[in-house]
Student: 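Following this message is one structure expressed as structure tokens.
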Amino acid sequence: QVQLVESGGGLVQPGGSLRLSCAASGRTLDGFAMGWFRQAPGMEREIAAIIMWDDRTTYFADSLKGRSSISRDNAKNIVTLQMNNLKPEDTAVYYCAVSSRFPPDEADVAFWGQGTQVTVSS
């Protein structure tokens with residue numbers, strides 16, 4: 001079994017930055033996409049950012065393009081999402097996700113983290 005442990009969420013002011021990390025344990029995940037979904041209050045869950053096993057091919061939510069980056073360390077099975085110039089609209093629960101499809105739908109996600117809260121407010 002695979003378990004995902006998330007860290008880095010919290011409260012930041014608009015324009016600030018956060019770095020989310022997710023560490024997978026249980027087995028290697030070669031060939032799997034890894035990254036983050038997010039769900040704002042009253043909204044549907046959506047992809048925030050996903051990265052392929054090659055640590056190069058990425059997919060970002062339109063609102064995060066240009067102000068976010070994502071990377072992974074396959075030796076450690078860790079994926080990291082750096083978000084800059086945060087906006088109140090980024091407030092959501094962020095869920096680490098692992099999938100064999102890229103980009104994944106929710107139904108394609110094989111493993112989910114418990115979620116970490118990101119709040120952007122002055």
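Residues: numbered from 1 along the sequence shown.
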Student: Taking atom CD of Q3 as the centre, does the number of heavy atoms from other residues, nucleotides or ligands within less than 6.0 Å exceed 12?
Tutor: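 Not buried by this count: 12 neighbours or fewer within 6.0 Å.
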Student: Would you call D90 and R67 a salt bridge, using N to O less than 4.0 angstrom?
Tutor: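 Salt bridge: yes.
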Student: What's the separation between atom CG in L86 and atom OG in S121, rounded to the nearest 0.5 Å?
Tutor: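 The CG atom of L86 sits 12.0 Å away from the OG atom of S121.
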Student: Atom CD in Q1, atom OG in S25: separation rounded to 0.5 Å?
Tutor: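 One finds 10.5 Å between CD of Q1 and OG of S25.
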Student: For residues Q82 and S17, report the shortest heavy-atom separation together with the two atoms involved.
Tutor: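 Where Q82 meets S17 most closely, the heavy atoms are NE2-CB, 3.7 Å.
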Student: Report yes or no: do F37 and M83 belong to one cluster of Ile/Leu/Val/Met/Phe/Trp/Tyr joined by side chain heavy-atom distances under 4.5 Å?
Tutor: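 In one cluster: no.
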Student: So which of Q114, Q39, E106, R38 actually passes side-chain contact (heavy atoms from CB on, under 4.5 Å) with Y95?
Tutor: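 It is Q39, the one option of Q114, Q39, E106, R38 that forms the side-chain contact (heavy atoms from CB on, under 4.5 Å) with Y95.
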Student: Please tell me whether F111 and M34 are part of a single hydrophobic cluster in this structure, the criterion being side-chain heavy atoms less than 4.5 Å apart.
Tutor: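 Same hydrophobic cluster.
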Student: About how many Å separate CG of L64 and CD1 of I47, when rounded to the nearest 0.5 Å?
Tutor: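 Answer for the CD1-CG pair, I47 versus L64, is 11.5 Å.
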Student: How long is the gap from CG on N77 to CG on L4, to the nearest 0.5 Å?
Tutor: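 Separation between the atoms: 9.5 Å.
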Student: Is the backbone of A75 close enough, under 3.5 Å, to the side chain of D73 for a donor and an acceptor to pair up by distance?
Tutor: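 Side chain of D73 to backbone of A75, a donor-acceptor pair under 3.5 Å: yes, one is there.
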Student: Going through the checks in order, is the side chain to side chain contact (heavy atoms under 4.5 Å, CB included) test met by V98 and V109?
Tutor: CA-CA 6 Å; V98 176; V109 175; 5.8 Å; no
Student: Cation-pi check, R45 to W112: give yes when NZ or CZ is under 6.0 Å from the six-membered ring centre and within 45° of the ring axis, no otherwise.
Tutor: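 Yes, R45 lies over the aromatic ring of W112.
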Student: Whether the side chain of N84 engages the backbone of S68 through a donor-acceptor N/O pair (distance < 3.5 Å, no angle test) should be reported.
Tutor: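 Absent.
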Student: Please say yes or no: joined through hydrophobic side-chain contacts below 4.5 Å, possibly via intermediate residues, are V120 and V93 part of one cluster?
Tutor: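 Hydrophobic grouping puts V120 apart from V93.
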Student: Could you tell me whether the side chains of D108 and S99 share a donor-acceptor contact shorter than 3.5 Å?
Tutor: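 Side chains of D108 and S99: no pair found under 3.5 Å.
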Student: Could you check if a side-chain atom of M52 sits within less than 4.5 angstrom of a side-chain atom of Y59, using non-hydrogen atoms only?
Tutor: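 No, their side chains stay 4.5 Å or more apart.
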Student: Quick check for you: to the nearest 0.5 Å, what is the distance between T91 atom OG1 and Q117 atom CD?
Tutor: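 The CD atom of Q117 is 7.0 Å from OG1 of T91, to the nearest 0.5 Å.
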Student: Knowing that exactly one of T80, T116, V118, I50 qualifies, which makes a side-chain contact (heavy atoms from CB on, under 4.5 Å) with W36?
Tutor: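 So the option named by the test is T116.
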Student: Would you mind reporting whether W53 and D30 have side-chain heavy atoms less than 4.5 Å apart?
Tutor: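 No, side chains not in contact.
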Student: What pair of heavy atoms forms the shortest contact from L81 to A49, and how long is it?
Tutor: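 Smallest interatomic distance, heavy atoms only, reads CD1-CB, 3.7 Å.
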Student: Take a 6.0 Å sphere around CD of E46 and say whether it holds more than 12 heavy atoms from other residues, nucleotides or ligands.
Tutor: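 Enclosed.
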Student: With rounding to the nearest 0.5 angstrom, report the NZ to CG distance, K87 to N85.
Tutor: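 Here the interatomic distance stands at 6.5 Å.
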Student: Is there side-chain contact between E89 and S63, with heavy atoms separated by less than 4.5 Å?
Tutor: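 No, every pair of side-chain atoms sits at 4.5 Å or beyond.
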